Undergrad: 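Okay, handing you the structure first.
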Amino acid sequence: MVTGTCFAETGNNVVCIDINEEKVAQLKAGKSPIYEPGLDVLLERNIKENRITFTTNLKEGIKDAQIIFLALPTPPGKDGSADLQYVLDVAGKLSEIIDTYTVIVNKSTVPVGTAEKVTAVMLQKLDRELFDVVSNPEFLREGVAVDDFLKPDRVVIGTSSDKARKLMDELYQPFVRQGNPIYFMDERSSEMTKYAANSYLAMRISFMNEMANLCEKAGANVDMVRIGMGSDSRIGKRFLFPGVGYGGSCFPKDVQALAQTARELDYDFKLVNTVMTVNDRQKTILGKKIKEAFGNDLTGRTFAIWGLAFKPETDDIREAPALELINELLAAGAQVRAFDPEAMENVKRITGDKVYFAKDQYDATTDVDALVIVTEWSEFRNPDFDRINEALKNPVIFDGRNVFSLEKMQELGFYYESIGRTTVHQHLRERIEVSHEEPVRERGVLD
Ligand SMILES: NC(=O)c1ccc[n+]([C@@H]2O[C@H](COP(=O)([O-])OP(=O)(O)OC[C@H]3O[C@@H](n4cnc5c(N)ncnc54)[C@H](O)[C@@H]3O)[C@@H](O)[C@H]2O)c1
């Protein structure tokens with residue numbers, strides 16, 4: 001969606017092809033099937049200008065195409081490797097239709113060696129002069145995908161063909177006018193670059209999550225540590241925020257796929273394996289904290305969850321930590337009142353009526369034992385604490401994203417557990433577990 005729309009935005013004629021008829025029908029009606037800031041406006045403009053169209057018909061769709069981008073799913077297979085069936089299947093179909101020189105671009109995240117595999121499939125039906133296969137990994141971030149695509153830090157293109165290189169260079173020039181580089185390299189290095197980038201970022205998150213867990217034990221504040229270390233220019237400030245583990249459609253599957261590539265090449269990539277173990281543990285951290293406070297049996301308890309998407313500004317819930325937490329709470333007998341600005345419909349399709357989907361963030365907090373923050377949407381940062389306090393059965397907050405300052409929570413009187421920081425109003429703890437009978441709210445605090 002983002003790739004197609006942004007290429008149309010720079011004046012190209014784009015045809016988006018998908019086998020999902022519902023999505024195509026929705027797009028033909030001018031509606032984006034995903035929530036992504038800024039995408040709607042661009043989509044509307046380019047549909048109006050007739051630069052972008054949609055079809056389920058592959059043959060019709062690629063009729064005049066000079067370049068075909070494969071942005072197909074590459075989900076993890078049983079062994080964790082990226083499943084290439086969608087990519088290779090479409091390559092086979094294309095090899096039967098293409099009749100003039102066309103560049104096939106692997107935009108999907110695919111393991112090292114895939115450009116060669118796609119080439120081999122194409123060659124079964126098509127002359128070598130009629131196509132080139134290029135690797136062009138995508139580095140955009142969901143939530144800011146349009147901005148990232150229009151102004152990429154860099155564009156990476158893996159090709160050994162001069163003809164393909166020239167076409168790709170022309171296509172991407174409008175996106176690098178501010179001087180950001182296009183790096184041309186061989187296909188294998190380009191494919192590996194994507195996995196290196198995502199696995200490294202996942203490793204930074206896991207490192208900070210471990211640091212946070214240690215800070216909690218040591219009585220240090222991980223937010224201070226983060227600022228202190230991040231200002232070192234060798235380290236950098238970004239991607240050092242501890243939380244409830246990474247999720248989404250990319251990091252979990254890409255780290256797994258890199259681990260599998262290493263196994264296939266008989267290399268014991270210890271760091272990458274550990275990143276996965278650390279993340280699995282971190283995803284359980286809120287559930288663990290809640291059970292430590294309320295006991296393992298949560299029958300009769302109700303929890304408000306703020307944030308379901310795997311990160312803010314998206315409706316994507318693939319591998320979202322909130323889903324695991326919801327399962328754990330329900331399994332322990334609790335009830336859940338959830339709110340997310342964009343992702344509730346998607347979660348509802350999985351959980352059905354087992355979860356109450358709130359009308360707004362305050363409705364979620366009505367008469368619950370604690371508020372649990374899982375995704376740091378902006379609107380959660382400065383809420384009306386009086387309303388929250390009135391709505392909650394007890395003034396208890398578990399914050400998986402360190403959204404609030406410890407000082408504020410101290411001042412307001414909430415029992416407040418976050419990630420890698422000391423618990424505020426710890427003295428209320430003993431009374432939380434028995435709070436079925438006896439409210440932990442104190443006279444004078446929070447009034
Ligand atoms: N989502 C991201 O932020 C992101 C970022 C970088 C790279 N990527 C990579 O891009 C690829 C696609 O990711 P996504 O998040 O857009 O996935 P997605 O599942 O949202 O979209 C893939 C689309 O492909 C369609 N499809 C499946 N088989 C098809 C076929 N035979 N012909 C035509 N269409 C078909 C599906 O219906 C679906 O709409 C993945 O490899 C992913 O790793 C994604």
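Remember, it's 1-based here, ligands and their atoms both numbered in the order they're listed. Just the heavy atoms: all of them, side chains too, but no hydrogens, waters or symmetry mates, feed the values below. What you see is a predicted model, and the numbers here were worked out from it, not measured in a lab.
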Undergrad: Give me the one residue out of Phe414, Phe380, Phe385 that meets ring-ring contact (aromatic ring centres under 6.0 Å, His included) with Phe404.
TA: Phe385
Undergrad: When you compare the side chains of Arg421 and Asn221, does any donor N or O come within less than 3.5 Å of an acceptor on the partner?
TA: no
Undergrad: Would you mind checking which non-hydrogen protein atom is closest to atom 31 (N) of ligand 1, with the distance to 0.1 Å?
TA: Val90 CG2, 3.4 Å
Undergrad: Given the rule in the side-chain hydrogen bond (donor to acceptor under 3.5 Å, both in side chains) test, do Asp363 and Tyr356 qualify, once you have shown the distances and angles that lead to the verdict?
TA: CA-CA 10 Å; Asp363 179 32; Tyr356 170 80; 2.7 Å; yes
Undergrad: Salt bridge or not between Arg401 and Asp399? Use side-chain N to carboxylate O under 4.0 Å.
TA: no
Undergrad: Has Met1 got any heavy atom lying under 4.0 angstrom from an atom of ligand 1?
TA: no
Undergrad: Which atoms of ligand 1 are found less than 4.0 Å from any heavy atom of Asn20?
TA: 37 (O)
Undergrad: Using a 4.0 Å heavy-atom cut-off, which part of Glu22 comes near ligand 1: side chain, backbone, both, or neither?
TA: neither
Undergrad: I'd like to know whether the aromatic ring centres of Phe207 and Phe239 sit less than 6.0 Å apart in this structure.
TA: no
Undergrad: Does the protein put any heavy atom within less than 4.0 Å of atom 13 (O) of ligand 1?
TA: no
Undergrad: What is the closest protein heavy atom to atom 42 (C) of ligand 1, and at what distance does it sit?
TA: Lys253 NZ, 3.7 Å
Undergrad: Below a 4.0 angstrom heavy-atom separation, can you tell me which part of Ala145, side chain or backbone, both or neither, approaches ligand 1?
TA: neither
Undergrad: Do me a favour and list the nearest non-hydrogen protein atom to atom 1 (N) of ligand 1 with residue, atom name and distance?
TA: Glu142 OE2, 2.9 Å
Undergrad: Do any nitrogen or oxygen atoms of Tyr86 come within less than 3.5 Å of a nitrogen or oxygen of ligand 1?
TA: no
Undergrad: If you take the nearest heavy atom of each of Leu72, Val2, Leu58, which one is closest to atom 11 (C) of ligand 1?
TA: Leu72
Undergrad: Atom 23 (C) of ligand 1: which protein heavy atom is closest, and how many Å away?
TA: Asp18 OD2, 3.5 Å
Undergrad: Arg141: heavy atom below 4.0 Å from ligand 1, yes or no?
TA: no
Undergrad: Got the closest protein heavy atom to atom 28 (N) of ligand 1, with its distance?
TA: Ile19 CD1, 3.4 Å
Undergrad: Determine, for Glu116 against Arg188, whether the closest basic-nitrogen to carboxylate-oxygen distance falls under 4.0 angstrom.
TA: yes
Undergrad: How far apart are the C-alpha atoms of Lys311 and Glu376, what are their side-chain angles, what is the distance that settles it, and do they pass the salt bridge (charged side-chain N to carboxylate O under 4.0 Å, His left out) test?
TA: CA-CA 7 Å; Lys311 65 160 154 173; Glu376 68 283 29; over 6 Å; no
Undergrad: Parallel, tilted or perpendicular, judged at 30° and 60°: which one describes the rings of Phe69 and Phe7?
TA: tilted
Undergrad: Identify, for atom 27 (C) of ligand 1, the protein heavy atom at the shortest distance, and state residue, atom and that distance.
TA: Pro73 CD, 3.7 Å
Undergrad: Report yes if some N/O of Lys23 lies less than 3.5 Å from some N/O of ligand 1; otherwise report no.
TA: yes
Undergrad: What do you reckon, are the aromatic ring centroids of Trp306 and Phe339 less than 6.0 Å apart?
TA: no
Undergrad: Out of Ser108, Gly143, Ala82, whose heavy atom sits nearest atom 10 (O) of ligand 1?
TA: Ser108
Undergrad: Taking the six-membered ring for Trp, are Trp377 and Tyr35 parallel (under 30°), tilted (30 to 60°) or perpendicular (over 60°)?
TA: tilted
Undergrad: Hydrogens and angles aside, do Asn12 and Thr10 bring a side-chain donor and acceptor to less than 3.5 Å of each other?
TA: yes
Undergrad: Is the positively charged end of Arg154 above the ring of Phe139, judged by distance under 6.0 angstrom from the centroid and angle within 45° of the axis?
TA: yes
Undergrad: Would you mind checking which non-hydrogen protein atom is closest to atom 16 (O) of ligand 1, with the distance to 0.1 Å?
TA: Ala71 O, 4.5 Å
Undergrad: Starting from atom 7 (C) of ligand 1, find the nearest protein heavy-atom neighbour and note its residue, name and distance.
TA: Thr109 OG1, 3.4 Å
Undergrad: Any N or O of Arg318 that comes nearer than 3.5 Å to an N or O of ligand 1?
TA: yes
